[in-house]
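Scroll down for the structure; my scribbles are underneath it.
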Amino acid sequence: MASKPKKVPLRMCVGCHEMKPKKEILRIVKSQDNTISVDLTGKKPGRGAYVCYNLDCLEKARKARRLEKAFEQAVTQEVYNNLKEEMESLKHE
């Protein structure tokens, strides 16, 4: 008897609302002290939101204030700039 294929965990992008495999999507996390950062390991403790490795998705999420809704707090432009820089540096790796 063949073993069942392993279930791939899916997460929804807050920008485009597409379901994608967890490994192919960027996790943004709000830690206990309310700081928002990129979680490259996917294992940091805290509330997570996911966005595609796509600046358009990040921009859609910013315009619709989806990170604010996910984290239930204000997200500053500085945080978005940091996320954008992080994404651009990841693309060049």
Side-chain angles (χ1 to χ4, degrees):
M1 192 168 127
S3 63
K4 277 203 293 190
K6 197 171 180 188
K7 200 171 178 187
V8 178
L10 297 176
R11 298 293 181 264
M12 186 190 289
C13 171
V14 292
C16 64
H17 288 272
E18 278 184 39
M19 295 297 283
K20 299 204 173 174
K22 189 176 171 185
K23 297 229 182 284
E24 295 175 19
I25 198 161
L26 182 66
R27 182 170 189 251
I28 301 163
V29 66
K30 178 180 97 167
S31 63
Q32 296 284 355
D33 61 359
N34 291 334
T35 55
I36 296 170
S37 62
V38 173
D39 179 10
L40 297 174
T41 64
K43 291 179 171 44
K44 281 186 183 177
R47 175 90 174 124
Y50 296 82
V51 69
C52 297
Y53 285 100
N54 181 335
L55 293 174
D56 292 340
C57 287
L58 183 63
E59 189 57 28
K60 282 181 194 171
R62 187 187 67 78
K63 281 186 178 167
R65 304 176 62 85
R66 292 194 184 121
L67 288 178
E68 281 88 340
K69 289 174 184 137
F71 295 138
E72 298 175 342
Q73 76 174 52
V75 178
T76 63
Q77 186 58 47
E78 183 185 354
V79 169
Y80 283 109
N81 292 342
N82 291 345
L83 293 173
K84 188 176 176 182
E85 283 174 26
E86 198 81 45
M87 285 176 122
E88 286 171 345
S89 71
L90 289 170
K91 276 187 179 175
H92 300 299
E93 285 181 5

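Keep in mind the model is a prediction, meaning the values are calculated, not measured.
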**Q.** Derivation of the side chain to side chain contact (heavy atoms under 4.5 Å, CB included) call for L67 and L83
**A.** CA-CA 12 Å; L67 288 178; L83 293 173; 3.9 Å; yes
Q | Side chains of N81 and Q77, donor plus acceptor under 3.5 Å | A | yes
Q.
If you define the side chain from C-beta out and look only at heavy atoms, does anything of I25 sit under 4.5 Å from Y53?
A. no
Q. Can you find a pair of side-chain heavy atoms, one from Q73 and one from N34, that are under 4.5 Å apart?
A. yes
Q. Is there side-chain contact between L58 and V14, with heavy atoms separated by less than 4.5 Å?
A. no
Q: Quick one: closest heavy-atom pair of R66 and G15, and the distance?
A: NH1-O, 2.8 Å
**Q.** Check: K30 side chain, E72 main-chain N or O, donor-acceptor pair, under 3.5 Å
**A.** no
Q.
Measuring only between side-chain heavy atoms, which start at C-beta, is R62 closer than 4.5 Å to V75?
A. no
Q: Return the minimal non-hydrogen interatomic distance between C13 and C16, and the atom names on each side.
A: SG-N, 3.4 Å
Q) Taking the side chain as C-beta and beyond, is there a heavy-atom pair between K22 and Y50 under 4.5 Å? A) yes
Q. What's the spacing between C57 SG and H17 NE2 if we round to 0.5 Å?
A. 9.5 Å
**Q.** Validation row: S37, V29 side chains within 4.5 angstrom (heavy atoms)
**A.** yes
Q. Where do A49 and F71 come nearest, in terms of heavy atoms and distance?
A. CB-CZ, 3.8 Å
Q. Can a salt bridge be assigned to the pair D39 and R27 using a cut-off of 4.0 Å between side-chain N and carboxylate O?
A. yes
**Q.** Donor-acceptor under 3.5 Å (R47 side chain, S31 main chain)
**A.** no
(Q) For a quick test of reading the model, state the closest non-hydrogen atom pair linking A64 to K69 and the distance between them. (A) O-NZ, 3.1 Å
(Q) Can a donor-acceptor pair be found, under 3.5 Å and without considering hydrogens, that links the side chain of E18 to the backbone of M12? (A) no
Q: Measure the CG-CD distance between L10 and E24 for me, rounded to the nearest 0.5 Å.
A: 9.5 Å
Q. Looking at side-chain heavy atoms only, is the closest gap between Q32 and P45 below 4.5 Å?
A. no
Q. Looking only at heavy atoms, what is the nearest atom pair of D33 and T35, with distance?
A. OD1-OG1, 2.9 Å
